[in-house]
Amino acid sequence: MAKEKEGEERIGVFVCRCGVNIGGVVDCDEVARYAATLPGVVCVSVNKFTCSDSGQADIQEHIRKYNLNRVVVAACTPKTHEPTFRVCCEEAGVNKYLLEFVNIRDQCSWMHIWDHEGATKKAKDLVRMGVYRAKLLEPLEESEVAVDRNALVIGAGVAGMQAAMDLGDMGFHVYLVEKEPSIGGRMARFDKVFPTNDCSICILGPKMVEVARNENIEIMSYAEVVEVEGFVGNFEVTIEHKPRYVDVDECTGCAQCAEKCPVEVPYDFNEGFGIRGAAYVPFPQAVPLRAVIDLESCLRSEGKECKACIKACERGAIDFSQEKKYSKVKVGVIIVAPGFVTYDPEPRNDYGYGIYDNVITTMEFERLLNAAGPTEGHVIRASDCKEPMRLGFINCVGSRDIKTNVHCSGGVCCMFNMKNAILLKEKRPEISCYLFYMDIRAPFRGYEEFYNRAREIGIRFVRGRPSEVIEKENGNLVIRAEDTLKGVVRNIEVDLVVLGTGIVPHSDIEKISKMLKIPRAADGLLMEAHPKLGPVDTVLGGVFVAGGASGPKDIPFAVAQGSGAASRAARLLVTGKTKIEGITAASDESCIGCGFCVDACPYGALTLDEKENRVMVVGAICKGCGTCAATCPVGAMEQRHFKNVQVEAQVKNLFALA
Amino acid sequence: MGAEQFEPTFPKFEPRIVVFCCNWCSYAGADLAGVSRYQYPPGVRIVRVMCSGRVEPVFIFDAFKNGADGVIVAGCHPGECHYVSGNLNAERRVENTRKALDYLGLGAERLRLEWISASEGMKFAEVMREFTEEIKELGPSPMKSRLNRCENHEISRD
């Protein structure tokens, strides 16, 4: 196949010494001499650092002088340097897909540092493979698609709100979709936030109002994204709006309906402490400040004709005829910020939580501390409603534990538990607090000082993971733990145990990951495109991630990520267009219409045109994995840049010299 | 890992291993092995594809035809595939190809599927060393001597 083309390809081979990284092991001159003998190669050059300015200038000079139409660079790894040399080639008029990168450093000289002869031989083989592949490479064009200038933000916690606000301020229309009846997320439930211990809702509340006031933000609360179709720049999103049974235009959030509602159910906003009616306003600072009726617990769901809320509402806002509605929106970018949940302790394994009345989680304790909480800020224990005088805080419940979740919650729950102990101790210095920990992680600004303050005000830190908690008859609890610093087993009696539960994936994460096809990391949370250089990008074009969904984060980190995701997304929205990778699938007329590839495609980028009996590729959806090409029984489906002949050219030249 | 281990003593059999690596996990894992200087024998050659799901049985047979003693298809761990599920396609395909290799008399043990993530440089090197040793035990691929005997055969290069 390539024979008739021979003579047309003018290949230049550029061998890099990379200082001594390659040159110290591989005989680069020998490799270059060998490369010069290969068919199609018209020039070779050896450089000390091919990626340097002078090295790149050398490539461009050679391209012009020898009229090259293929470039083979034998150097480090395409993972880091292919983009550099692609630009270099393109500047000199060679299509960037006509560059072949041969890895003779990471996968050759560094692999065989003592075997100079073997490494040189291997480098020659690798270059030979590259030259034969380069001969068959074809120029490709990246296609350009328009980007819809609307954005979707999933989740209106502090990260999602920040992202929506940043994009809204830039003038882009944002759909902010929140599952709960109010925006605010988890931060709205906190009492005070570390390390400055300022009131959480006092700083979040104004931000929530600002979001509502931003004319570019369309809040869709009590709604969920159920389907996403399309690709970067052109997503079509289906949103399910749950019925509130309240006319939001009429409701003023006066909560009269809530007062009159005869139903009593545990108040979810207060972590199940206290009660609310079936009709309720989520919390006093809710945005939108509108009532909602939870039909599942409403008497009407039992067939009773209760009209308490209807009668109570002066504005006649209650409307039981509402039904689930669906709406479709078109957006160019999606920011995913569904947040996290805290680990749900198991009664059997986690210190008797759920069995002993006086073992609670740190989120529950948070609500008890909160002046707007069920006890108006008075910490009491469930068994006898007395104020506990001795408290035991246990860190790392459901984190750093091989039985439940091996991952650390990133210092967030160390700080969280410590903060709660400090708040309590500040209110009532006579209370004694024990904090059981494995390691204290206090990494950011002001956190170490916070830890020191906790120790100064008399919180007793016990280094050791408690083995068990035993309940006494009076409801008191004995925490049994080895104090690993003292080397003794301690039995400490306390009145209340607070479990510092770890951060685990939200149940929605799996749904979102499947819906959008964002991979998940080992901890079950959404995976970023690159752990260091792409922390808010995902591997999907036009989809970004922010906040706790991609790993445990404290508030400043979540806010930074929200802004980060917004600015990454804005790059696409501002330019209004984006390029789509040229490595995509393509079918030809030999297609027999069997449709095997359609089933194999993970993206649904292939459709079987039944009239033509041929599979068609939607280029913009195709991500270029090539699974279809491998599946095709007749070779009609090809992956550009990795065509059968191109890969086979390498395979045929694997061991030419060995 | 000393130099002496790889010193060729004639007529020592140095297995030739071909590894098809996916661009995102295993190829990056192979790079990391290099960055960390975890050594393995130079008989190993890596062919980069975007996804392990791209690797066709034809590539594997071609590798054997062109002198490979063993072939590895390496991709991302299940659930971590850059292309969602390409690696699961690779898994099925490798399983079937292994059966075919048994029928052909080459032996399923000459083909392996490995999940190697971008962070598993050490695993990459370990797998290469281990597989090389295994192939050493098995001896050269029977395909080679068969092809050598075939008069008309020449390894076509283009």
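Within every chain, numbering begins at 1; the chains are lettered A, B, ... in the order of the sequence lines, protein sequences first and strands thereafter.
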Q: Is B/Ile60 in contact with chain A via its backbone, its side chain, both, or neither, using a 4.5 Å heavy-atom distance?
A: neither
Q: What's the shortest heavy-atom distance between B/Tyr83 and A/Tyr603, and which atoms?
A: CA-OH, 3.0 Å
Q: Ignoring hydrogens and geometry beyond distance, is a side-chain donor-acceptor pair present between A/Asn103 and B/Asp31 at under 3.5 Å?
A: yes
Q: Report which part of B/Asp62 has an atom under 4.5 Å of a heavy atom belonging to chain A: side chain, backbone, both, or neither.
A: both
Q: Please look at B/Ala68 and chain A and tell me whether the side chain, the backbone, both or neither of the residue comes under 4.5 angstrom of a heavy atom of that chain.
A: both
Q: Can you tell whether the side chains of B/Arg48 and A/Glu82 come within less than 4.0 Å, N to carboxylate O?
A: yes
Q: May I ask you to test the B/Val18-A/Val651 pair for a side-chain heavy-atom distance under 4.5 Å?
A: no
Q: Does any backbone or side-chain atom of B/Arg93 lie under 4.5 Å from a heavy atom of chain A? Answer side chain, backbone, both or neither.
A: side chain
Q: Checking heavy atoms, do the side chain of B/Phe124, its backbone, both or neither come under 4.5 Å from chain A?
A: neither
Q: Considering non-hydrogen atoms only, spot the tightest contact between B/Gln39 and A/Ile113 and give its length.
A: OE1-N, 2.8 Å
Q: Using side-chain heavy atoms (C-beta onward) and a distance below 4.5 Å, is A/Trp110 in contact with B/Val35?
A: yes
Q: Any side-chain heavy-atom pair from A/Cys625 and B/Met50 closer than 4.5 angstrom?
A: no
Q: Check whether any side-chain heavy atom of A/Lys79 lies under 4.5 Å from a side-chain heavy atom of B/Asn23, and answer yes or no.
A: yes
Q: Would A/Asp125 and B/Arg45 satisfy salt bridge (Lys or Arg N to Asp or Glu O under 4.0 Å), going step by step from the backbone distance to the final call?
A: CA-CA 9 Å; A/Asp125 269 352; B/Arg45 300 276 187 282; 2.6 Å; yes
